[in-house]
Amino acid sequence: MERHSWVSLVALAIAGVVQPACARQQSAASEASYRVVEAFPNLTFKRPTDLQSPRDGTNRLFVLEQDGVIRVFPNRADAKESTVFLDLRDRVNKDGNEMGLLGLAFHPQFKTNPVFFVDYTATKEKRRITRVSRFGVAQGGVGDAHSEDAVIEIDQPWANHNGGQVAFGPDGMLYIALGDGGAAGDPHGNAQNPDALLGKLLRLDVSKSLYATPADNPFHDGKSGRPEIYAMGLRNPWRFSFDRQTGQLWAGDVGQNTYEEIDIIEKGKNYGWDCREAAHSFDGEQSERCENAQELVDPVWEYGRKEGISVTGGYVYRGKALPDLVGWYVYADYGSGKVWALRMENGKSVNRLLVESGLLISTFGVDENDELYLCAHNPGNEPTKIYRLEAK
């Protein structure tokens, strides 16, 4: 996230117009009412980038480490150790601050169809690429690194804005988040270009072949854009998730110089970058591509530099341990460590601060009971813990 040089050192190693968002939003005036506590005091991880559950009844959690390792452990507070589920360090390119092993999605029927999908940065013929691959499980229940089948590969012109989240939607399709390709200001105009995959959310059908494009994708015919595209106009949608009750797709899109944004992503919509940064005009708005762009959709929430520098998207909470948060979208800022909850009330977005954690929150995750966890980085790449929220 190339805003300023000082931000780059801190920011995550990953980092028609409707009415103005400020007219539709309000902040709840409440003091922080939560704290973060260590969820698994005996375990540490190196630069975690994702936390996932296979939802296969085994009550296990899987944590991705940016250098290329997936670790697994039993979901118990007294867990003594994690073990290696998959080691991809021989093929993961982690040279850039926002590169490496970035996303994991288990097949929705992983118990009977034990395959999973991984998003990582790689090198191919001296080119930097994002690769999403399918893997199987070997004897002993560990991931089989030799079973890799590359689903899709996308050239990355710069080392930042890789996106990296992969997830199955309630429709059974695989969704892939891609940043605009990096540098600053989207110099190649990728996010507004329907013939480019960068700056988009992709949607693939991986149920019958390595992948096909669903017939109801916006550009399925391939004549007016790439058939893989589901939504466009994104800068760096580092983390997105589906509400397990409503199916809504929420994303945190990392801003450039001034604003961070939360979007509810819908099929075929254009979320504005680089014509707009959040709900505000950006340098490219007067360009020909912006003048000819479809109606641009404002975020449901935005915040400025007084609150943080790099949004980390989260989840709509559907667990039982924190009843006051049920139905709220919980998210954070990597730079400031603030954790908020957001929801829609009577057509307006209501946002409240939960805790000022002091953590470099890199990602969230949920277990098979929909309980929420936070992952963080430590300065100097020191090992760190997994955390959870607790009411005061």
Side-chain angles (χ1 to χ4, degrees), residues 12-14 35-92 94 100-107 110-111 114-120 133 135-148 164-167 239 312 314-315 319 321-322 332 357-390:
L12 178 56
I14 2 204
R35 55 177 165 258
V36 292
V37 296
E38 293 179 3
F40 309 100
N42 300 316
L43 305 181
T44 59
F45 301 90
K46 290 177 58 180
R47 292 187 69 83
T49 55
D50 200 5
L51 183 151
Q52 295 291 335
S53 163
R55 295 185 176 269
D56 60 354
T58 62
N59 199 27
R60 296 176 295 169
L61 290 176
F62 293 73
V63 174
L64 276 65
E65 296 181 326
Q66 193 169 358
D67 66 355
V69 174
I70 301 176
R71 307 191 70 85
V72 58
F73 60 95
N75 184 12
R76 299 195 313 266
D78 63 350
K80 300 299 182 185
E81 65 176 354
S82 63
T83 58
V84 174
F85 176 73
L86 185 70
D87 189 340
L88 298 178
R89 286 176 292 183
D90 63 343
R91 63 201 81 172
V92 168
K94 58 182 186 301
L101 180 59
L102 304 177
L104 167 66
F106 291 98
H107 190 278
F110 182 73
K111 186 174 182 178
V115 298
F116 58 96
F117 296 78
V118 171
D119 184 307
Y120 67 95
S133 291
F135 291 87
V137 175
Q139 289 186 347
V142 298
D144 183 359
H146 301 293
S147 68
E148 179 174 15
Q165 180 89 57
V166 285
R239 301 287 89 168
T312 299
Y315 287 82
L322 305 170
S357 71
L359 300 171
L360 299 174
I361 298 171
S362 58
T363 194
F364 291 82
V366 293
D367 63 20
E368 60 186 54
N369 296 314
D370 294 318
E371 296 303 340
L372 184 70
Y373 300 90
L374 301 79
C375 300
H377 293 169
N378 266 342
N381 297 334
E382 294 298 318
T384 186
K385 304 283 188 177
I386 305 298
Y387 300 90
R388 59 180 175 83
L389 291 174
E390 181 179 87

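Between Thr312 and Phe364 the shortest heavy-atom distance is O-CE1, 3.7 Å. Gln139 and Val142 get closest at one heavy-atom pair: O-CG2, 4.2 Å. Contact between Ala105 and Val166 at its shortest, heavy atoms only, is CB-O, 3.6 Å. A pairwise comparison of heavy atoms in Asn378 and Pro383 identifies ND2-O, 2.8 Å as the closest pair. Nearest approach of Gly136 to Ser147, heavy atoms of both residues: N-OG, 2.8 Å. The two residues Phe45 and Ile386 have their closest heavy-atom pair at CE1-CG1, 3.5 Å.
Remark: Leu101 CG to Asp119 CG distance equals 8.5 Å, nearest 0.5 Å. Here Leu102 contributes atom CG and Leu64 contributes atom CG; the two are 8.0 Å apart, rounded to the nearest 0.5 Å. Rounded to the nearest 0.5 angstrom, Glu65 CD and Thr44 OG1 are separated by 8.0 Å. Within the model, atoms CG of Leu322 and CZ of Arg388 stand 8.5 Å from one another, a figure rounded to the nearest 0.5 Å. Atom OG1 of Thr49 sits about 6.5 Å away from atom NE2 of His377, to the nearest 0.5 Å. If you take CZ on Arg76 and CG on Asn42, they are separated by 10.5 Å, rounding to the nearest 0.5 Å.
Looking only at distances, no side-chain donor or acceptor of Asp87 sits under 3.5 Å from a matching main-chain atom of Val69. The backbone N or O of Thr58 sits less than 3.5 Å from a side-chain atom of Asp56, completing a donor-acceptor pair.
Close placement of the Phe85 and Phe116 rings is indicated, their centers lying within 6.0 Å of each other. Here the two rings, on Phe73 and Phe62, have centers that are 6.0 Å apart or farther.
The closest side-chain heavy-atom distance from Ser133 to Tyr120 is below 4.5 Å. The side-chain heavy atoms of Leu88 and Phe135, taken from C-beta on, include a pair separated by under 4.5 Å. Two residues are said to be in side-chain contact when any heavy atoms from C-beta on lie closer than 4.5 Å; Glu382 and Thr384 fail this criterion. Side chains of Arg71 and Val84 form a contact here, defined as non-hydrogen atoms less than 4.5 Å apart. Within the 4.5 Å cutoff, the side chain of Tyr387 has no heavy atoms near those of the Ile361 side chain. Taking 4.5 Å as the limit, every side-chain heavy atom of His107 sits out of range of all side-chain heavy atoms of Pro114. Between Val36 and Leu374, some side-chain heavy-atom pair lies under the 4.5 Å cut-off. Counting heavy atoms from C-beta on, the side chains of Leu389 and Leu372 come closer than 4.5 Å.
With Gln66 as the fixed residue, the side-chain hydrogen bond (donor to acceptor under 3.5 Å, both in side chains) test singles out one of Lys46, Arg47, Lys94: Arg47.
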Step-by-step side chain to side chain contact (heavy atoms under 4.5 Å, CB included) determination, Asp370 to Tyr315: CA-CA 9 Å; Asp370 294 318; Tyr315 287 82; over 6 Å; no
Criterion side chain to side chain contact (heavy atoms under 4.5 Å, CB included) on Gln52 and Phe106, from CA distance to verdict: CA-CA 8 Å; Gln52 295 291 335; Phe106 291 98; 4.0 Å; yes
Full working for side chain to side chain contact (heavy atoms under 4.5 Å, CB included) between Gln165 and Asp50: CA-CA 8 Å; Gln165 180 89 57; Asp50 200 5; 4.1 Å; yes
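Glu390 and Arg35 are joined by a salt bridge, as a carboxylate oxygen and a charged side-chain nitrogen come within less than 4.0 angstrom of each other. One finds a salt bridge joining Arg91 and Glu148 here, because a Lys/Arg side-chain nitrogen approaches an Asp/Glu carboxylate oxygen to under 4.0 Å.
The side chain to side chain donor-acceptor pair (under 3.5 Å) check on Asn75 picks up Asn59, Asp367, Tyr373, with sequence neighbours excluded. Under the rule for a side chain to side chain donor-acceptor pair (under 3.5 Å), Glu368 has no partner lying at least two apart in sequence or in another chain.
Of the N and O atoms on the side chains of Arg55 and Ser53, not one donor lies less than 3.5 Å from an acceptor on the other residue.
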